Structures are given as C-alpha cells and as structure tokens.
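Treat the numbers as computed from the prediction; the structure is a model and nothing was measured. Throughout, a chain's letter reflects where its sequence line sits, starting with A, and its residues are numbered from 1.
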Amino acid sequence: MENARIAAVFGRIADILEILGENAFRIRSYRNASRTVGDLTETLADMVAEGKDLTDLPGIGDSLAGKIREILASGTCEMLEDLQKRLPAHLPDLLHVKGLGPKKVKVLYERLGIQSLGDLKTAAGAGKIRDLDGMGAKTEQNILQGLATLESEAGRIGIKEAADAVRALGRHLDGVEAVRRWQVAGSFRRRRETIGDLDVLVEAPQREQAADGILAYRPIETILARGGQKVSVALVEGLQVDFRFVDTQAFGAAMMYFTGSKAHNIVLRKRAQKRRLKLNEYGLFRGKRRVAGETEEEVFAALDLPWIPPELREDRGEIDAAAERKLPNLVEPADIRGDLHAHSTATDGANTPRQLADAARQRGYQYLAVTDHSQAVTIAGGLKASDLRRHADRVRRVNADLDGFWLLAGVEVDILNDGRLDLPQKVLEGLDWVVASVHSAFSLAEAKMTDRILAAVRSGVVHCLGHPFGRIIGRRDPIRFDVDRVFEACREAGVCLEINAYPDRLDLPDVYCKRAREMGVTMVISTDAHKIADLDLMEFGVSVARRGWLEKADVLNTLSASSLRKRLTRS
DNA sequence: GCCGTTTTCGGCCCGACTGTTTTCAGTCG
Ligand SMILES: Nc1nc2c(ncn2[C@H]2C[C@H](O)[C@@H](COP(=O)(O)OP(=O)(O)OP(=O)(O)O)O2)c(=O)[nH]1
Ligand SMILES: [Mg+2]
Ligand SMILES: [Mg+2]
Ligand SMILES: [Zn+2]
C-alpha cells in the first residue's frame, strides 16, 4: 500500500473520531501522522522491509507504527473498519462544507438521519435544519451556500494562477489610501505548489476606511465575514481572500502567524511556552509585556532563532535546524545563470533557437540549451537521428554568431518503455546537453519503472533526468519508482535531477529535492520553455528548490557558462 | 496518541467571527 493511501487512512480515522466527539489531542495525533506519512520520500513498505524503526518518525509512536505495519501486511486497518461501522460511509464528506464541523455533522446525522451531501442539500432545501438545537435559518442558508461553493469545484489553485490574482489585487490595494502597507502571507508566501486561498496582511491605522477601500475591489462577490481584525471575501472566480488588519508594532508577529504553516506555528508557540513566553499574532509576550513583535527577525531572535525563510516554514525540521544554526543558505532567482530545457520550432516550440537565445540573454542569462523532443513524441514532431544532427548543427551555427553567450545544442530524449533511449548513443554523445524524460507508459509497475529509469541514468550520455515524476498537478499522478535507488544512481553517474518549473508540473517536488540534496545529487532548475514568455517561469522552479532546502551549490544552472562548460567536459 | 535535559504522566497553540445563545459553542484562521 502506498504512503498516500496510508496517510488517507489516518486522515479518515481522524475525521470519524472527530464526528464521534473523541479526544481532540488523539485526533491531532492522527492528523500529524497523516502529514508525516504524506511528506515521506521513501515508501513505508521499503522502510519496514529495511527494518527501520517507524517510531523514529515525528508523530509516530508505538500505536501508529503498529497500525502502519498492520496496513502494509493486511491492506486494511481494523480500527478504521470498526469506526466505519459506526457511521455512514459518506458522512465525513459533510466536513468539506464550509461552516460545518464535526459537532454539527453529528447533530445532522443523529437528528435528521443525514448521511451524505445529497441528503444535506435536500434537508436544507426543505427547511428542516433551522429547527435543530443550536442551528437556525442563517445556519441553513450558510449550508446551502457552502454546498454551492463545494459544487463549483473552485478548489485549490496553482501557484501561477495565484500569482496573477495577487498582482491584480495588489494594483487595487496600492490605490487604497488608508492601506499603509500590505503583504501576502499564507501558503502563497511559503510558495506552496497549490494555494487554497490568499491571506493578506494589511497595516492600516484607520481600519474601517481601509476595509471599505479594500471591499470596493470589483471582483469581490461576497463578504464571508467582517470583524474588527479581519475581513474574508470570495472573488467571482471562487477564490477566497482573507485580510487581516494589524498595527505597526505587531506586523512581524502577525506576518509569522499568517504565513504559517499551522504546524510550524504550533511548534514555534510551544518553543515560546518553554521559555515562559506566549506567542500569538500580536507579538511575543512575557506576562502582559510585549518583548517582540514589530519585525519577524526580532520575534525569531527573542526565541533564540535566526529568521527562517517562509518557504521552509512547514514543520519539516526547520526550527531544529534554525536552533542549531544549520539552516541552508537558499538559492535565489538572481543566482540562476541559464536555462537548460527549452523547445524550438524544430519540434513543438514557438520560437527559433536564435530567438530563444536572444530572450535568454535579455534575462541576463549566459546560456540556454535547445532541447527539442525525440522521435517517440510524435504529436510534438519529435526529431529522428538525422533531423537532430542537422538541427544541432544549426544551433551550433547560431551559437557561433553569439558573442558571450552559449547556446547549447541539446535534446530532450525519451526514455522508452524498456529503458533504452529514443536516439542512438552516437548522436547523443555529440550533443552538449542531454535531458532524458519519460513521456509514455506512466503506469509501469514500480520495479520495471525503476529499471527503466536506472538504465537511462546509467547510459553514460544523459546529463539530466527531466521532470522525474511526470506528474501534472491535479491531472496525472506521479510515476512510481524506487526513489533512493534512482537518486543514488544519479549521484554515482553525475546525472542531475531536473526541477521543471512549469507551474502545473513543479517536478521534482520539494520533499524530493531535500532528499536528493541530502544524497549529494545536483539539481537543475529549468523552465521547459515552449515559447519565450515561458522563460519567466523560472521563479516557480526556484521556489520549489527553496522549499526543498537547496543552496546555490546544489543547482547546476547557477554556474557561469565557463564553469558549466568545464563541468560538462569533466563528466 | 505522542512526547520529554524541568516530566514516563500530564500536558498538548492561540485567537477572531458567527449565530444562537442568554453566556458561549462551533468553526475557522
Ligand atoms: N496558530 C495557528 N495559526 C493558524 C491556524 N490555522 C491557520 N493558521 C495560520 C497559518 C496559516 O498559514 C495561515 C493562513 O491560513 P490558511 O488556512 O489560509 O492556510 P494556508 O494559507 O497555510 O494554506 P492554504 O493554501 O490557504 O490552504 O493562518 C491554527 O490553527 N493555529
Ligand atoms: Mg491560505
Ligand atoms: Mg486563509
Ligand atoms: Zn520539454
């Protein structure tokens, strides 16, 4: 059983325990375990097979380790089976309705026999909910509204889409006079790959005026809540935006609270407790006295910590690392010297090699690799050996015309089902840069997929494994292979792992970047540009790298052109 | 259910907003 399924089992157990009214801390344990398992890069099956002690994992004790072993051995979890007998199978779905929590769901089930979202809609529509204790006509309306929101499937949006929304909103906020300063916090500031809502911190001495100004933003469809400290709205496209007001002296503490993550906040607040302090969004307090709050640096410092970059604030060991002064010095966009994955008109790109080179140069780059598809990708017009030779010659002629810029003649060669490369070794050897990618047979069994990728990594002609997991966020699951074996082979062979910056790929995912770095593998951040404008997607790849704890030295394309040339001839 | 140089038992982050209540529970951030 996959880690994701085990994580889901623990999440399900937590849902049911919540509806049953169980101990909140016990429930939290299941949620924490779910997160821990979901963040692992190694399969639990492998860890157990290797005899690793699962209780070494954060939030996993004897009980949960036993459940993991049980699930792996039997495919089921007896506790979950038993719990599911106590409640209708789809009752926990109701928890996804905004405004409905475990207590109300329990009442709806016990008093009205509601078992599903369908039942809920019928009951609300028939006006049956308003008569329940603790609920009224407003509750009923909110439930109908919540159901509509759920049906609209707004869901989480991609980081790029969120960035566009932030830009548009920012233009408005900049024009609101009562807004002295604003900053986006939440998952967007942490640069998660998907964003549930936008969280915006607003400094404004005249809050009512500021709120009125903000609420004049045209795309706002509904005001979900409005109080003295915060305003929540839904935009027409379904995106929720939470505004939080703050005074100058609490700006840093509020940024920390609002940036999260929730798990990170809890660990920090525990650290404060240990020092007989209290941390909240208003500051760090010793008794009634505020000891820090205006800047993040000051709050972290008062907790004996250096400032932690937002991308690391996921409770993945960053607070311990910070305490030991062992935080990585994260790679930055300005460190990037070139782009090593781009398509031209030779296959499915919109621009010529020359145009790509000029555009890269305009962005301050020293090099760009033209990496068109190989023949197997027929829909993209992939190149066969002879075409690629001619194409590479053309690229080299263009390169010869360029002063102080290196246009690498490369390819994105397919890794065929059996692990062979889609072009002859000879042709590949003659290129400056070879990216190898899986574009077919995504559902091979893990062992076969591992062999397939290992063959490519060990071919001796590949420089980089392109979008290693082949996932498309929200549309295609990652392929399955033995991650540690492949990464180890990459390290041995000096093959890099690509961080594909395309916003719906972002592949290598952050936790695997971290693992690869620990194993000594080098990454390459590439846009996989199919047109000039795509070159600007680099920032999203850099964000993934930062979330993956990568430093400049972990990323190949932070090298200057001359250093890169040396590095490539060496290997 | 997890965890620990203050603890192996007794804690577990902390606060805002809403709706229903007549003082606060539930939900969400
Ligand atoms: N201390 C504390 N802070 C929380 C809690 N829930 C949320 N926060 C903080 C941290 C979050 O990053 C921030 C914004 O909340 P969101 O629900 O919008 O979460 P976030 O933006 O992290 O993820 P998202 O992509 O919106 O789902 O508020 C909580 O239970 N306790
Ligand atoms: Mg958010
Ligand atoms: Mg939010
Ligand atoms: Zn490509």
Under 3.5 Å on both distances, the Watson-Crick or G-U partner of B:dG15
B:dC28
With nearest nucleotides of DNA chain B determined for A:P58 and A:D197 from heavy-atom distances, which residue corresponds to the more 5′ nucleotide?
A:P58
Checking all strands, does A:I266 fall into the base, sugar-phosphate, or nothing category for heavy-atom contacts under 4.0 angstrom?
base
How many whole angstroms separate atom CZ of A:F10 from atom C1' of B:dC2?
13 Å
Quick check: any donor-acceptor pair below 3.5 Å linking the side-chain of A:R28 to the base of B:dC12?
no
Evaluate side chain to side chain donor-acceptor pair (under 3.5 Å) for A:N3 paired with A:T43, printing each intermediate quantity in order.
CA-CA 6 Å; A:N3 290 356; A:T43 65; 5.3 Å; no
Candidate nucleotides B:dC13, B:dC2, B:dT18, ranked by approach to the side chain of A:A225 - the nearest
B:dT18
Would you measure the distance from the C1' atom in B:dC12 across to the matching atom in B:dT7 and give it in whole Å?
13 Å
Protein-nucleotide distance (A:K103, atom NZ; B:dT21, atom C1'), rounded to Å:
17 Å
Integer angstrom distance from the C1' of B:dC13 to that of B:dC2:
16 Å
Separation of atom NZ in A:K270 from atom P in B:dT6, rounded to whole Å:
16 Å
What's the closest nucleotide to the A:S29 side chain, out of B:dG19, B:dC2, B:dC13?
B:dC2
It should be established whether A:N23 places a side-chain nitrogen or oxygen under 4.0 Å from OP1 or OP2 of nucleotide B:dG1.
no
Check this one for me: any side-chain N or O of A:K274 less than 4.0 Å away from OP1 or OP2 of B:dG4?
no
Base, sugar-phosphate alone, or nothing: which one does A:K262 contact when heavy atoms must sit under 4.0 Å apart?
base
Check every strand shown and say whether A:I27 touches a base, only sugar-phosphate, or nothing at a heavy-atom separation below 4.0 Å.
nothing
Rounded to whole Å, please give me the gap between NZ in A:K104 and P in B:dT27.
5 Å
Using the P atom on both, measure B:dG10 against B:dG15 and round to a whole Å.
25 Å
Just by modelled atom types, is the A:E78 backbone N or O under 3.5 Å from a matching donor or acceptor in the A:E70 side chain?
yes
Within less than 4.0 Å of OP1 or OP2 of B:dA25, is there a side-chain N or O belonging to A:K106?
no
Using side chain to side chain donor-acceptor pair (under 3.5 Å), reason through A:T248 and A:E203 one step at a time and then give a plain yes or no.
CA-CA 7 Å; A:T248 310; A:E203 183 185 335; 2.6 Å; yes
Base, sugar-phosphate, or nothing: which does A:A137 touch, judged by heavy atoms less than 4.0 Å apart?
sugar-phosphate
B:dG1, OP1 or OP2 - any side-chain N/O from A:R26 closer than 4.0 Å?
yes
Check every strand shown and say whether A:L268 touches a base, only sugar-phosphate, or nothing at a heavy-atom separation below 4.0 Å.
nothing
Using only modelled atom types and a 3.5 angstrom limit, is any donor from either the side chain of A:Y282 or the base of B:dG15 paired with an acceptor on the other?
no
What's the CD1-C1' distance between A:I19 and B:dT27, to the nearest Å?
14 Å
Pick base, sugar-phosphate or nothing for A:G228, based on heavy-atom distances below 4.0 Å to the nucleic acid.
sugar-phosphate
Tell me which nucleotide among B:dG29, B:dC2, B:dG19 gets nearest to the side chain of A:N142.
B:dG19
How long is the line joining CG of A:L198 and P of B:dC28, in whole Å?
19 Å
From the options B:dG29, B:dC12, B:dT27, select the nucleotide whose nearest atom is closest to the side chain of A:Q273.
B:dC12
Starting at the 5' end of DNA chain B, which residue's closest nucleotide do you reach first, A:L100 or A:G61?
A:G61
Which residue is it: A:I114, A:L120, A:V97, A:L94? I am looking for the one with a side chain to side chain contact (heavy atoms under 4.5 Å, CB included) to A:V105.
A:L94
Take A:R485 and A:E488 through the salt bridge (charged side-chain N to carboxylate O under 4.0 Å, His left out) test and state the conclusion after the steps.
CA-CA 5 Å; A:R485 277 185 72 202; A:E488 178 56 24; over 6 Å; no
Give me the distance, rounded to whole Å, that separates B:dT5 from B:dG1 when you measure between the C1' atoms they each carry.
23 Å
A:R191 NZ/CZ over A:F188 ring centroid, <6.0 Å and within 45° of normal:
yes
With a 3.5 Å distance limit and no angle check, can you tell me whether A:D507 reaches the backbone of A:I472 through a side-chain donor-acceptor pair?
no
Where the side chain of A:K98 is defined as all heavy atoms beyond and including C-beta, which of B:dC28, B:dG1, B:dT20 is the nearest nucleotide?
B:dC28
Below 4.0 angstrom from OP1 or OP2 of B:dG29, is there any side-chain N or O of A:Q240?
yes
Establish, with yes or no, whether the OP1 or OP2 oxygen of B:dT18 is under 4.0 angstrom from a side-chain nitrogen or oxygen of A:T139.
no
Output yes when at least one side-chain N/O atom of A:N265 is less than 4.0 Å from OP1 or OP2 of B:dC13, else no.
no
Quick one: A:N32 CG to B:dC2 P, roughly how many Å, whole number?
10 Å
Check every strand shown and say whether A:V231 touches a base, only sugar-phosphate, or nothing at a heavy-atom separation below 4.0 Å.
nothing
B:dT20 to B:dT27 separation - P atoms, rounded to the nearest Å
13 Å
Please give, in whole Å, the distance from B:dG15 C1' to A:K278 NZ?
9 Å
Any donor-acceptor N/O pair, A:Q240 side chain to A:D197 backbone, under 3.5 Å:
no
Gap in Å between the two C1' atoms, one belonging to B:dA16 and one to B:dG11, rounded
25 Å
